[in-house]
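These notes concern the structure reproduced below.
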Amino acid sequence: MVGMNAAWLLPAIPAGAFALLLLVRNFLPRKGDWVAIGAVTASFVLFFFVLHDLMTRLGPNFHGVSTGFTWLKIDNFVLRVGFFTDPIAIVMLAAVLVVSLMVHVYSTGYMHGDSRYGWFFTVLALFTAAMSTLVLADNLLLLYVAWELVGICSFLLIGFWWERQSAAEAAKKAFVTTRVGDVGLLIGVILLWKKVGTFDIQTVLHAATSGQIGHTYLTVALLFMLLGAMGKSAQFPFHVWLPDAMEGPTPVSALIHAATMVVAGIYLLARMLPAYMVITGLGTLIMVIGMITAIGAAVIACAQTDIKRIIAYSTLSNLGFMFVAMGAHALTGGMFHLLTHAFFKALLFLGAGSVIHAVETQEVGDLGGLWRKMPITMGTFVIACLANAGLPVFSGFFSKDLVLEGVMHGNTPYYVALLAWVFLSGIYTARLFMLTFFGPSRDHHRYEHAHESPPNMTLPLVVLAVLTLLAGWLALDSVGRALGFPGGVGEFVFVHEPEAYRFSFTVAFAATSAGLLGVLATMYLYWGGGPERARRFADYSPDVYALIRNKFYVDELYQAGINYGVLGLSHAVAWFDRYVVNDTGVNGTAQLTGWLGYRLKFLQNGKLPTYALAMIVGVLVMAIVALSMHS
Amino acid sequence: MNHYEVLAPELVLLGLAFALVTLELLFPQLRKDLVAYLTAASAIGVLVASAFFANRSDSFKDLIQLDNYTTFFRILFLGTAALLAIASAHLVRDKLSNAGEYYGLLLLGVIGATYMAAASELLTAYIALELLNFTLYVLVSFDRKDPRSGEAGLKYILLSAFASALLLFGISFIFGVTGTTSYAGIRHALEAGIGEYRGTLVVGLVLLLTGLGFKVAAVPFHMWTPDAYEGAPLPVTAYISIVAKAAGFALFLRLFSQAFMPVISDWRWMVALLAALTMVFGNLIALQQVNIKRLLAYSSISQVGYMLIAIAALSHDSATALLLHLGGYAITNLAAFIAIIAFYNATGGEEIRDFRGLAERHAGLAMTLTIALFSLAGMPLFAGFMTKFILFQAAAQHGLLWLSAFGVVTSMISLYYYLMVIRQMYVLKPRDGDGRLRVPLLTSAVLVVLALGIFFVGIWPTPLFRAAASATRLLF
Amino acid sequence: MIPLDQVLVFSGILFALGVYGVLTRRNAIAILMSVELMLTAVNTNFIAFGVFHRPSLAVGLVFAVFVITVAAAEVGLALAIILRIYRQRTTANVDEVDILKW
Amino acid sequence: MSGGYLLLATILVPLAAAGLLVVTPQRFPNVVRAIALAAAATMFALSVWVFVAFQTGSGGYQLTLRWDWIQNVGILGAHGISVYLGVDGIAAPLVLLTGIVILAGTFVSLKIDRRNKDFFILLFVLVAGVFGTFTALDMFVFFFFYEVAVLPMYLLIGVWGSTRKEYGAMKLTMMLVGSSALIFIGIFAVFTEAGRGTFDLPTLWGIHYSPAFQKTFFPFFMIGCGVLAGLWPFHMWSPDGHMSAPTAVSMLHAGVLMKLGAFGIIRLGIQLLPEGAKFWMPALVVLATINAAYGAIAALSQRDFKLMTGYSSVSHMGYVLMGLATLNVVGINGAVLQMFSHGVMTALFFLCIGALYDQAHTREIPAFSGIAQKMPLWAGFFVLAGMASFGLPGLSGFVAEFNIFVGLFRTYPVLGGIAVFVAAITAAYVLRMFAIAFFGELNPRWASLKEISVAESIGAVMLCGAIFFMGLWPSPFVERIATAVTHLPGVTG
C-alpha cells in the first residue's frame, strides 16, 4: 500500500515534470501544460494515500514518519534529503496541492496564448515540487533549500512578463527582500546545527525543549530564524515586496503570493513552535510584529484602488493575523487559518484574475456593475470576500474564531486589537466587492466587452468556493469524526495537548459584530451613489488619507534608504577602491617606483668627474664603515 | 716541466688575431663579412680544441691555472666571441672600417678574459685585466663617425684607469699585509693571522672591491656602464655585457674564494651592500630608459647585483649557481643583442619606440627578443628563471635570505621595463610604411639556436649545472 | 732607512692628491695626469712593501715595473682618444663631453 | 603506473599543441582553429579521465609519476627537483575545472581572427601552467608552472583585450608577478630550513619546522598566493584585468587562475606550515571577510558588466579564502567546492559578457535594456550563472557556500553571519543587473542583436552542465575533496 513512505513522491513527481518541461517543452503538444497538470494531479491523488496512512497511524505516541537518503557527507557532517510527514505538514500540503492544482487548471485559460505559456507551467511545476519539499522537509537544511527554490520560482513568476520594467523591478525587489530574511533563516539554521549537531527538525526541537541549548543561544538562533519567516511571510518591515509582487500573472499571485509560499514563514514558525515556546517573550515579539502587519496592511487595503493590490494587502493583513496566532502559540488556529485562508484568498485572486481577464484593467475605479456580466465570478468572489471578512458559515469564521480564542487567554489587548482588525477586514472586503461588482459601471467601453470566463477558469473558482464554504466545518468534532479524525482539526494539529473546538459565543459574537459592522458601514458608503460618499469621507482628513493611500510611505523610505544608504555605501566603497586602493595604493606604488627611477637617473649626468666622485664616495663609505667596525 | 701547453689555446688565439689583422692589411679588397666568419671559425676551432682540456688540472708556474674553471670560461668566452663575430658581420661591413683590427681585438679580448679566469696570482690577474680593458677601449671607440662612440671611449678609459689605480692601491696594501701576490699565498698568510694589520687589509679589500666592482659594473662604480654601452657599436656593447662582465666575475670569484675566504666576515657585508645597491639602482633607473642599449645596460647592471649575491654568499653552492647563471645570462644576452643587432641593421633604430609593431614586421625576431627579455626578467620556461632561482636559493642557503629577497623583488620590478619593450613589439601596431624586415639567414639560424638554448637551459639545465659544479669544485 | 710608515704616509698623500686631481680637474689630460700620480703612489707602495717584506723575491719591484709599463700604454691610448674627441669637438673639457647621460 | 602519464599528458598536450601551432602558418586560420579545438577537446577528455580515475576510497596522492629532473648537483641532493606529479582529492576537481573551462574558452575563441595562432599558443601555454600547478608535487615544479600560468597574461590581454587593455594587462602582470616574489622568498626559506636538498613536497611536508619559522614565513605564502586569489587589498588587478582581458582569457583567469592562488595557500601554506597557518588564519579570515563584503558592495554600483563580474570574483574568492581560513574539514571542503563552482560560474559570466560585447561593443549596464527579448538563450545562461553565484540551491554555488558557512560558524560565527549576509548582497547586485539590462522594454538601439552563436552555446552548455552537476549531485566532488581535506595537517573535524 502506498503510504507515508511514499511521501517523497509528492515533490518528486512535479520535479520530474519540471525537468521534462525544462528540456523538451517546446516539442510537446500544448507546450506540455498537461505534463504539469498531470504531475500535480498525481501528487494530489497520492496525497490522499499519504493522508489515509497518516490517519490510520494517528495516536498519542505518533509524531510523524520520516523517509529519505543521504545527499552529502563530509567527515561527520551529514546532509540528508529527508521527508517527514505529520499533521502540520499534511494541513499545509493540502493547501499547497489543492491550490496548485486549481491554479494549474485555471492557468490553461488565463495564460492561454501567452508567448511563454510552456515556461509558465515549467516554473509552476518546479514551484509545486519545491513547495511540497519545503512542507515535508525533515531537516532544516532541506527546508532552507526548498525555501530558496520557492523564492526563485516566485522571482521567475513575478517577473514572468519581464518585458515590463515594473515586473522586472518587482521580481528583483521580492527576491532581494526575502533574501535578506533568508540570511537570518540560514544563520539560525546553522546556529542550531552548531549546538545540536544535526539539522533534523525533531532532534533540534527535542534539544530545545529539553534544555540542551542555552536560553540566550536559543533566543539568538530563533530570532534569526524569525527573520526568515518574516521575510517570506512579508511581515513588517519586510512587507514591501508582496504588493509589488502583484506584477506577476494573477494565478501566480493566487498560488504563491496568497496561498502557499507566503505562508511558509508561518509554517516555519508552526514547525518550530515548541522551540519558540521555550523562550518567553519571543511570542510577544511575534505577536507585535504580526499585529503591526495585520492592522497596517488592513488600513492600507482600505485606500488602494488596484484590485490585486487590495487583495495583496488583505493577504498581508491575514499573514499578520497568522503571525499573531503563532505568537500566541495558537497553533491549531493558525494552521487552520492558513488552510482556509489558502482557499479563500486563492479564490479571491483567481476571481480577480477572471475580472482582469475580462476587462483588462486592475483599477477598481474603472470597474463596477460586473455582477451582471460575470455571475459565476461574482458569486464565488463574494463568497471569498465574506470568508475573508470572517462572517459566519464561511470558513474564515471558524479559523478566525479559533485564533481569537487562542489569543484571548491572557492577551486581552491583542484580542481587542484583533477585533479592530476584523472590523477593518470587513471594510476593505466590502469596498472591494462593492466597487468591483456593484454600483454603476464606470467604464462603459470595458464593461461592454466584459464576459464570463471560460469553464477551465470558472471551474477552479467553483471548486475553491465550495472549499471556502466547507473547509471551516472541519473544525467541528462531528465533521472530523465523519472524515476520520475525531475531535476536528483541534485534535489533529496541536502543540502539546489536543484541544477540540469549542464554540465560544462571546468570541463569535464580538468578531462577527465587528466584521459585519465593517461590511455594512462600507456598503453604506458605496451603495447607491457609488464612491461619492466614500470620497467625501476621505476628504475629512486628506493628510491621513494620503498617508494611507501611500502605504505610510514605507516604500519611499526604503527607496531613500537604498539610494542613499546602500547604494551610497556602494559608491563609497567603489570610490575608495578606485581612488584609494587602486590609484593611490597600486598606481601610487608603481608611480613612486617610476619616480624614484626618474630621480635617480639624473645622477647619471654624463659628466666624468661625477662618475669618479661616485666611486670615491663608495670607497670612503665602505672604508669608514669597515674601519669603524674594527675599532 | 714548463707546462707551456697550458698556454697553447691563448697562444693560438694570439696568432689568429694577428693573422686576421695581417689578412686585412694584405688583402684590403677581401669581403669584410668573410673576415667575420673566419674569426668565428677560428674561435670555434680553438673552442673545440680547448674542450679537450676538460677535467685536466695543471698550472703554469703557479701563475696561470688550468682547471675546469678556466675551461668553462674559456669556452664561454670563445663561444660568445664567435657568435658576436657572426652577428657583427653585416654591421662592421656596412658601418665600421678596419674590420681586421676589429675582429683581431675581439679575439685578443678573449685572451685577456680567459686569463682573468685562469690567473692565480694578482699581477697576472692585473695584466689580464688590462689586456681586456685595452681591447675594450679601442672597441668602444671604434665607430669613428659616431661622436657618442668617442665619448664613450674617453669616459671608459679615464674612469677605468682611475679604477685601476684604486685597484692597484688596494693590491699594494694586500701585498703589504700578506707579503705575497699569489692567491694561495695570501690565503696562507690570512689563515696564519695578520694581527694588527687588519685595518690595512680591510682598506685594501675596499679598494680591491672598488676596482673589481668597476669592472663588473656594481653600483656605485657602475656609472661608466650606461654611457659606454650606449656609445659603443652594438656588438661591442654585447661583448662588454657578456665577456667583460663574466671575466670580471671569473676573476672576482677565483680571487675571493681562493685568497680571501679566511676573512669572509670582513668583506661579505660590503659585497652584500654593493649587491643590494646594484639591484635597486639598476632596476629603478632602467624603468626610465628609452634607448634599448641603455636599457640593456641598466638591465645588465641589475644582473650584476644578482650575481654579486652569489659572491656575498660565497660557497661552492653559490659559486656553482653563479657560473650557471652566467652561462644562462650569456646565452640570453647574446640572443637579445643579436636580435637587436639584426633589427638595427635592418632599420637603423635603437630607441625602444622603434620596435613598434615588430611582431608584424618580423615575427621571428620579435619572438626571439621576447624570449630573451622574459628570460632576463626571470620568467619560467626560460633560462633566467632556472638560473636565478638556483642562484637565489643558494644564497638563501648560506644565510643571505634577505639579499635573495631583495633580488627577487627587484627582478619583479625589472619585468616592467622588459614588458615595455614587448609592448612595443606586440601590442602596438606598426607605423604606416613600416614594412616587413629582412634578417640574414645565418643570423636567423644563430637566433633560433640561441632561443632554443634559452629553453634548453631553462628546462634542462643539468649539463650546464654539472659543468659549473665541476668547474668550481677546485676553488674551495 | 726610512721607516715604512713614513713611506706609506707619503704614498697616501700622493694618492689622495691624485684622487683630488681626478675629481676637480676638467681637462681630460689633467685627469690622466692625476691618474698617473695615483699610479706613482701605488708604485711607491709596492716598492716599499716589497723591500720591507722579502727583498730577495723582488715581487714588489716586478709589480711596479709592470704597472709603469701598463700605465705608459694606457696613457698612449688615452691620449689618442682624447685627441679624437678634441678633433671632433675642439674641446678636451670633460664637462662638455656629455652627450651620453641619463 | 600509466595514471601518472595521464597527468603528464595534461601538461604536454597543451604544450605540444602550442608547439604545433608555432609551426603552423598564419595563413591558415581554420587549421589553427581545428588544432586548437582538437587540443582543447583532448585536454577536456584527459581532465575528465583524471577526475574519474581518481579512486575515491583511498585517499592520498594518486596517478603519481616521478621523474628526476635535476639532482645531485650544487644545492640539490637526491630527488632535488623532480617532475613529481600526482593529484589528491583537492587537485582532481580543479583539473576537471581546468579542462571544462579551456574547452569552453576555446569554443568561444574560435571567432578570433586577429593573429589567432599567437592567441592559442599563449592560451595553451597558460593552460599547461595551470595543469602543471594543480598536479605538481614538487615545490619547484609547482612554482615553475605557477609562473608559467602568469607569463602569457600580459600579451593575451595587451594584444587581444579591450578597454584600457594596456593598463589592465600591466597591472595584472605586475601585481601577480610581484606577489610571486613573496612565494619565491617563502620557498627559499623553506628549502633552506628543511636542509634536505630537495624540493619534493611530500618530503618537505613531513618535516616539522620550528613554530617561529612557521609563523614568520606563512604570511609569505598567504599573501603571495593570496594576491592571485584576489585577497583584499591586493585585489585590484582582478576587476581591471578582467575588464580588459579577451573573453577566453577572462574565463580562464577568473575561472581557473584565481584558484591557483587558493590552491597555493593549501599546498604551500597549510600543508607546509600548519602551525603558521593556525597562527595566521584569523588574520586571513578577516581579510577574506572584507574581500567578500567589499567586493559585493562595490559590485552593487558598477556600471560595466565585466567590472561587476570582476568585483563579484573578488567577493567569491573571499568566500574561498574564508573557507580555507576556517581550518576545519567542512570549511575547506566548501572552499574547494567554491573554487570549482566559482570557476564554472564565472567562466559562464564572462562567456556571456563576451558574446554580448562582440556584438554591442559596449559593456555599460545602463546602456542596455530588455535585451533578453533578443537573446533569450543567452539571457538564460547568464541568469543561471547569476543564480549560481548567489547560491541558489540546486546549483553549484549553494553546495559550496553552504559548506563554507557551516565551516565558518564552527570557528568564526560572527564572520559566518557576515558571509551569509553577503550572499544576499550578491543576489541584489546580480538581480539589479538583470533588471536593468536584460528585462524591461527593449531599447531600440539593440534591435539588431543576435542570439548567441552555436560555438558559444556549446561552451555555455558545458558550463551549465557543470553547474547543475555539482549542484544536484555533489557527492563525486565531495568524496574526493573530503578524503584529501581530512588528511591535511592541522585541520580539525
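Lettering of chains follows the sequences in order, A, B, ..., and the numbering in each one begins at 1.
Contact annotation for Phe224(A): neither backbone nor side-chain heavy atoms come within less than 4.5 Å of a heavy atom of chain D. For Ile190(A), the part lying near chain D is the side chain, with the backbone staying farther off; criterion is any non-hydrogen pair under 4.5 Å. No part of Phe234(D) comes within reach of chain A, as not one of its non-hydrogen atoms sits under 4.5 angstrom from that chain. For Gln302(D), the part sitting under 4.5 Å from any heavy atom of chain A is the side chain, from C-beta outward, and nothing else. The part of Leu472(D) that comes within reach of chain A is its backbone (N, CA, C, O), which places non-hydrogen atoms under 4.5 angstrom from that chain. Contacts of Trp232(D) with chain A are made by side-chain atoms alone, with heavy-atom separations under 4.5 Å and no backbone atom involved. There is no contact between Thr483(D) and chain A, counting heavy-atom distances below 4.5 Å. Contacts of Met387(D) with chain A are made by side-chain atoms alone, with heavy-atom separations under 4.5 Å and no backbone atom involved. Within the 4.5 angstrom heavy-atom criterion, atoms from both the backbone and the side chain of Ile187(A) approach chain D. In this structure, the portion of Phe398(D) lying under 4.5 Å from any heavy atom of chain A is its side chain and not its backbone. For a residue to count as touching a neighbouring chain, one of its non-hydrogen atoms must lie under 4.5 Å from one of that chain's; by this rule Pro413(D) touches chain A with the side chain only. Proximity to chain A is limited to the side chain of Tyr311(D), based on heavy atoms less than 4.5 angstrom apart. For Met175(D), the part lying near chain A is the side chain, with the backbone staying farther off; criterion is any non-hydrogen pair under 4.5 Å. Both the backbone and the side chain of Ala372(D) come within less than 4.5 Å of a heavy atom of chain A. Only the side chain of Val399(D) comes within less than 4.5 Å of a heavy atom of chain A; its backbone N, CA, C and O stay farther away.
The main-chain N or O of Trp71(A) is found under 3.5 Å from a side-chain atom of Ser475(D) such that the two form a donor-acceptor pair. Side chain of Ser570(A) to backbone of Ile297(D): a donor-acceptor contact under 3.5 angstrom is found. Under the 3.5 Å distance criterion, the side-chain polar atoms of Lys172(A) are left unmatched by any main-chain donor or acceptor of Ala428(D). Proximity of a side-chain donor or acceptor of Trp193(A) to a complementary backbone N or O of Val406(D) within less than 3.5 Å is not detected.
Counting all heavy atoms, side chain and backbone alike, Val586(A) lies closest to Met236(D) at CG2-CB, 4.0 Å. Pairing each heavy atom of Trp162(A) with each of Gln373(D), the nearest pair is CZ3-CG, 3.2 Å. Scanning all heavy atoms of the two residues, the minimum distance from Val573(A) to Ala298(D) falls at CG1-CB, 3.8 Å. When all heavy atoms of Phe576(A) and Tyr294(D) are compared, the closest pair comes out as CD2-OH, 3.3 Å. For the residue pair Glu441(D) and Gln165(A), the shortest heavy atom distance occurs at OE2-N, 3.8 Å.
Judged purely by distance below 3.5 Å, without hydrogens or angles, the side chains of Lys171(D) and Asn587(A) never pair a donor atom with an acceptor atom.
For residues 127-147 of chain A, the interface with chain D (any heavy-atom pair closer than 4.5 Å) comprises Leu141(A), Tyr144(A), Val145(A), sorted by residue number. Among residues 175-183 of chain A, the residues having any heavy atom closer than 4.5 Å to a heavy atom of chain D are, in sequence order, Phe175(A), Val176(A), Arg179(A), Val180(A), Val183(A).
The distance from atom CZ of Phe390(D) to atom CD of Glu148(A), rounded to the nearest 0.5 Å, is 8.0 Å. Rounded to the nearest 0.5 Å, atoms CG (Leu392(D)) and CG (Leu149(A)) are 5.5 Å apart. With values rounded to the nearest 0.5 angstrom, Leu72(A) atom CG is found 7.5 Å from Asn333(D) atom CG.
Under the 6.0 Å cut-off for aromatic ring centres, Phe160(A) and Phe439(D) do not qualify, their centroids lying 6.0 Å or more apart.
The environment of Phe421(D) atom CZ is sparse: at most 12 non-hydrogen atoms of other residues, nucleotides or ligands sit within 6.0 angstrom. At most 12 non-hydrogen atoms from other residues, nucleotides or ligands lie less than 6.0 angstrom from OH of Tyr579(A).
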Quiz item: Taking it one step at a time, do Leu300(D) and His571(A) satisfy side-chain contact (heavy atoms from CB on, under 4.5 Å)?
Solution: CA-CA 8 Å; Leu300(D) 259 178; His571(A) 282 293; over 6 Å; no
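Most heavy-atom pairs under 4.5 Å with chain A, from the set Ala427(D), Pro474(D), Gly370(D), Ala482(D): that is Pro474(D). Chain A forms the most heavy-atom pairs under 4.5 Å with one residue out of Arg432(D), Met174(D), Met170(D), Glu479(D), and that residue is Arg432(D). Between chain A and the options Phe402(D), Phe438(D), Phe405(D), heavy-atom pairs under 4.5 Å are most frequent for Phe402(D). If you tally non-hydrogen atom pairs under 4.5 Å between each of Pro393(D), Pro233(D), Ala423(D) and chain A, the highest count goes to Pro393(D). Ranked by heavy-atom pairs under 4.5 Å with chain A, the first of Asp240(D), Val422(D), Thr486(D) is Asp240(D).
At a threshold of 4.5 Å between non-hydrogen side-chain atoms, the residues Leu307(D) and Arg578(A) count as touching.
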